[in-house]
Amino acid sequence: MLQGDLRSFTLASLLDLAAMNSINAQLTLPRGGEIGLREGQVVSARSGALTGLPALHALFFLKDASFTMTAGAPPERTPLGAAAAIAQDAERLVGEWERLSRLVLRVTPAFTGGSESLPIDDLMLLLDGSATLHELVTELELSPPAIIHDLLRAIEGGLVAIVDEPESPRPTRAARPRPQDFFELLDRGRELMRSGDLVRAEIALRRAVRAQPDNRLARQNLRRVVQLRSAPSDS
């Protein structure tokens, strides 16, 4: 039915076109992106591992991607919402992320380590004041709309502090320390933790986690030093 790229046709305009003409179609986008349109209403969405409304919001973050709209009615399902309302919510998230993505954040002693049950917990473990949110989210392959609300609550609740808020994006650099530096960073962090230098221990261990994000031992040590820093002082 239609092919193009999102520089010429925004996702909002495509959904509006579908709604006005009661289109039955499948909209295909990169990164496993799919939107099912039944009589002009969005009844399904997928973006990578995400489905439903979170997936649909994530697809609005694709700016220069190509798309293909293929005729055919998807299975009948409850619509995800009105096209105009979906577009408004998604574009608000995009605008919020444009501001947040430039921030350099660092967790405060009020953060006690998280539970590893949510994407925001993985992100919080890496907030050491040395990389922008854009760099870290790209590193972890997170979907910005999936973390924006929790991240804003963390900022408002004092769990993280803004270290830098540049007016324009700073030059891109590699956020992750070299993997070969992992063991040196881990050993240094554990040594500093044993000696009671918790601030420098936390910095070293955060860098170790950034070097190997899936390493359980590094995460456990980082959680321990974060908990020690947040514990009430005896003095």
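What you see is a predicted model; the values in this text were computed from it and never measured.
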_Please say yes or no: joined through hydrophobic side-chain contacts below 4.5 Å, possibly via intermediate residues, are Val94 and Leu50 part of one cluster?_
no

*Do the side chains of Val137 and Pro144 get nearer than 4.5 Å, heavy atoms only?*
yes

*Got a sec, which residues hit side chain to side chain contact (heavy atoms under 4.5 Å, CB included) with Val43, two or more places apart in sequence or on another chain?*
Arg38, Pro74, Arg77

*Say whether Met124 and Ile148 are linked into one hydrophobic cluster, either directly or through other cluster members, by side-chain heavy-atom distances under 4.5 angstrom.*
yes

_Test item: Leu192 and Val225 side chains (from C-beta on) under 4.5 Å apart, heavy atoms_ = no

*asked:* Using a 6.0 Å cut-off, check whether atom CD of Gln220 has over 12 heavy atoms from anything other than its own residue.
replied: yes

*Flag yes if more than 12 heavy atoms outside Glu76 fall under 6.0 Å of its CD atom; otherwise flag no.*
no

_Atom pair CE (Met1) and CG (Leu27), whose distance is rounded to the nearest 0.5 Å_ = 10.0 Å

*Could you check if a side-chain atom of Val160 sits within less than 4.5 angstrom of a side-chain atom of Phe111, using non-hydrogen atoms only?*
no

*Enter the distance from Leu151:CG to Glu96:CD here, rounded to the nearest 0.5 Å.*
9.5 Å

*If only atom types and distance count, is the side chain of Thr108 paired as donor or acceptor with the main-chain N or O of Ala161 below 3.5 Å?*
no

*Do Asn21 side-chain atoms and Ile23 backbone N/O form a donor-acceptor pair below 3.5 Å?*
no

*So do the side chains of Phe60 and Leu93 get within less than 4.5 Å of each other, counting heavy atoms only?*
no

*Between CG on residue Leu11 and CG on residue Leu29, distance to nearest 0.5 Å*: 6.5 Å

_CG on Leu37 to CG on Leu15, rounded to 0.5 Å_ = 6.5 Å

*Contact check, side chains of Leu2 and Leu14, non-hydrogen atoms, under 4.5 Å*: yes

*Non-hydrogen side-chain atoms of Val226 and Arg206 separated by less than 4.5 Å*: yes

*Between the side chain of Asn221 and the main-chain N/O of Leu217, is any donor-acceptor distance below 3.5 Å?*
yes

*Can you tell which of Leu103, Val107, Val163 makes a side chain to side chain contact (heavy atoms under 4.5 Å, CB included) with Leu127?*
Val107

*Would Glu202 and Arg106 satisfy salt bridge (charged side-chain N to carboxylate O under 4.0 Å, His left out), going step by step from the backbone distance to the final call?*
CA-CA 11 Å; Glu202 183 180 346; Arg106 196 187 197 294; 3.7 Å; yes

*Measure the shortest side-chain to side-chain distance between Ile155 and Leu100 over non-hydrogen atoms and say whether it is less than 4.5 angstrom.*
yes

_Are Trp97 and Leu59 connected into the same hydrophobic cluster when the rule is that any two of I, L, V, M, F, W, Y join if their side-chain heavy atoms are below 4.5 Å apart?_
yes

*Would you check if the side chain of Asn24 reaches a backbone N or O of Glu39 as a donor-acceptor pair within less than 3.5 Å?*
yes

*Could you give the distance from OG1 (Thr10) to CG (Leu17), rounded to the nearest 0.5 Å?*
10.5 Å

*Counting only N and O atoms by type, is there a donor-acceptor contact under 3.5 Å from the side chain of Asp187 to the main-chain atoms of Arg190?*
no

*Distance (rounded to the nearest 0.5 Å) between Arg224 CZ and Leu222 CG*: 12.5 Å

*Step by step, work out the side-chain contact (heavy atoms from CB on, under 4.5 Å) result for Thr132 and Arg102.*
CA-CA 6 Å; Thr132 65; Arg102 299 175 181 178; 5.9 Å; no

